[in-house]
Amino acid sequence: MKKLITMMAAVAALTCLLATATMAGTTLTYANFPPAKTFPCVQMEHWKAEVEKRTGGAISVQTFPGSTLLGGKNMFRGVQTGQADIGCVSLPYYPGVFPVMSSVNLPVSFDSAEVASLTMWDLFQKYQPEEFKNVKVLTMFTSAPSHFMSKVAIRQLSDLKGLELRGAGSLVKVIDDLGGVGVGMPMPATPEALQKGVVKGLVSSFDVLKDMNFAEICRYETIANLPVYPFAVIMNKAKWEALPADVKKTLDDLGREQAEWTGKYLDEYIKKSLAWSKEKYQVEVIELPAADYAAMNTKITPMIDAWKADTAKTGLDAETILADMLALKAKYEAAK
Ligand code: DTR
């Protein structure tokens with residue numbers, strides 16, 4: 001009898017333990033490279049909250065902003081090898097690796113992060129590029145259009161001559177083509193480069209004036225309407241395969257919605273960041289002469305042909321990819 005009671009107690013204890021384990025569910029780690037305040041991390045926290053709510057707690061997400069788990073340049077491989085379950089990848093930090101999606105980084109005059117993010121998502125769905133075959137893509141989004149933020153005023157195109165500016169991906173070449181000196185580096189390395197004078201400014205979207213406090217050091221903001229930067233949120237393939245079907249569906253359903261949310265959030269945030277920078281640091285927002293904008297376009301559009309030639313060499317139908325991308329852009333612009 002005593003033995004039976006002990007056995008029953010053991011079974012009860014085990015059941016209890018199992019129930020707790022199931023209730024606690026699965027925890028997924030999510031790595032991000034820039035500081036917590038920046039928009040790639042804001043979208044990460046939004047995604048975490050949505051996933052935890054929609055899966056009723058079956059999935060919890062542990063976030064690691066600020067390169068605490070993986071940095072900008074080892075993100076893709078780190079997720080592929082399972083150092084993190086999920087990671088946010090800035091595609092321009094991997095030149096030549098993502099030919100299809102890098103079309104979104106071309107100088108085609110996107111004027112909103114929402115339009116660019118939805119364009120990117122649809123383009124990905126259509127082409128399912130080879131280079132993402134070993135991971136699961138959860139969502140994609142872009143930064144807003146890029147502008148000059150600098151320590152010295154850029155009032156005309158000729159002010160760029162010999163000026164070292166930080167960029168990444170296509171933006172490094174854009175800076176060079178415009179007469180400046182493009183210096184490629186990930187966002188987290190930029191504050192130190194600015195401080196040390198290695199670069200005199202940067203080319204990115206205006207959210208970083210506030211979130212990276214660049215308004216303090218870069219008091220001149222020149223409107224340039226340069227390319228957006230594309231991002232992909234990827235998940236380790238084995239971890240994805242191990243998820244229950246209903247969780248997979250929840251995450252899949254969230255992909256496009258998250259792209260749209262992030263784009264909208266950033267488009268609104270840009271206005272706040274600029275207003276804050278004017279108020280706190282009296283930054284000057286500069287428009288170039290109209291003739292300079294035309295000259296700028298003439299100088300940077302050959303880059304599109306260069307992308308076509310490079311992409312065609314990899315065996316892809318670059319012409320059609322570009323046409324599809326532009327058609328999606330036009331569709332989402334018309335819907336706005
Ligand atoms: N400038 C691009 C994209 C970007 C825009 N805002 C942020 C904030 C944090 C990291 C990156 C970005 C880039 O440097 O990747």
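Just the heavy atoms: all of them, side chains too, but no hydrogens, waters or symmetry mates, feed the values below. Residue indices begin at 1 and follow the sequence shown. Read the numbers this way: they start at 1 and go in the same order the structure lists the ligands and their atoms.
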message: When you compare the side chains of Tyr265 and Asp207, does any donor N or O come within less than 3.5 Å of an acceptor on the partner?
response: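 Short answer, no.
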task: Would you kindly say whether Ser103 and Trp307 are connected by a side-chain donor-acceptor distance under 3.5 Å?
output: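 Their side chains do not contain a donor-acceptor pair, so the 3.5 Å distance test is not met.
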- prompt: Looking at ligand 1, does Arg166 have a heavy atom less than 4.0 Å from it?
  reply: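 Within the 4.0 Å threshold, so yes.
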message: Tell me whether Ser205 reaches ligand 1 (any heavy atom closer than 4.0 angstrom to a ligand atom).
response: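 True for this residue.
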- request: Could you tell me whether Tyr93 and ligand 1 have an N or O pair separated by under 3.5 Å?
  value: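 Yes; the residue has a nitrogen or oxygen that sits under 3.5 Å from a nitrogen or oxygen of the ligand.
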Distance under 4.0 Å to a non-hydrogen atom of [X]: what atoms of ligand 1 satisfy this?
X	value
Ser143	3 (C), 5 (C)
Phe39	5 (C), 6 (N), 7 (C)
Pro34	9 (C), 10 (C)
Ser90	15 (O)
Val208	6 (N), 7 (C), 8 (C)

- request: Would you mind checking which non-hydrogen protein atom is closest to atom 4 (C) of ligand 1, with the distance to 0.1 Å?
  value: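 Of every protein heavy atom, Ser204 OG, 3.8 Å lies nearest to atom 4 (C) of ligand 1.
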- prompt: For atom 6 (N) of ligand 1, what is the nearest protein heavy atom, given as residue, atom name and distance?
  reply: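 For atom 6 (N) of ligand 1, the nearest protein heavy atom is Asp207 OD2, 2.8 Å.
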Least distance between heavy atoms, Ser146 atom then Val203 atom: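 Closest approach of Ser146 to Val203: CB-CG1, 3.7 Å.
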Mark yes or no for whether [X], through its side chain, and [Y], through its backbone, hold a donor-acceptor pair below 3.5 Å.
X	Y	result
Asn236	Val79	yes
Asp267	Ser112	no
Gln258	Gly255	no
Tyr94	Phe76	yes

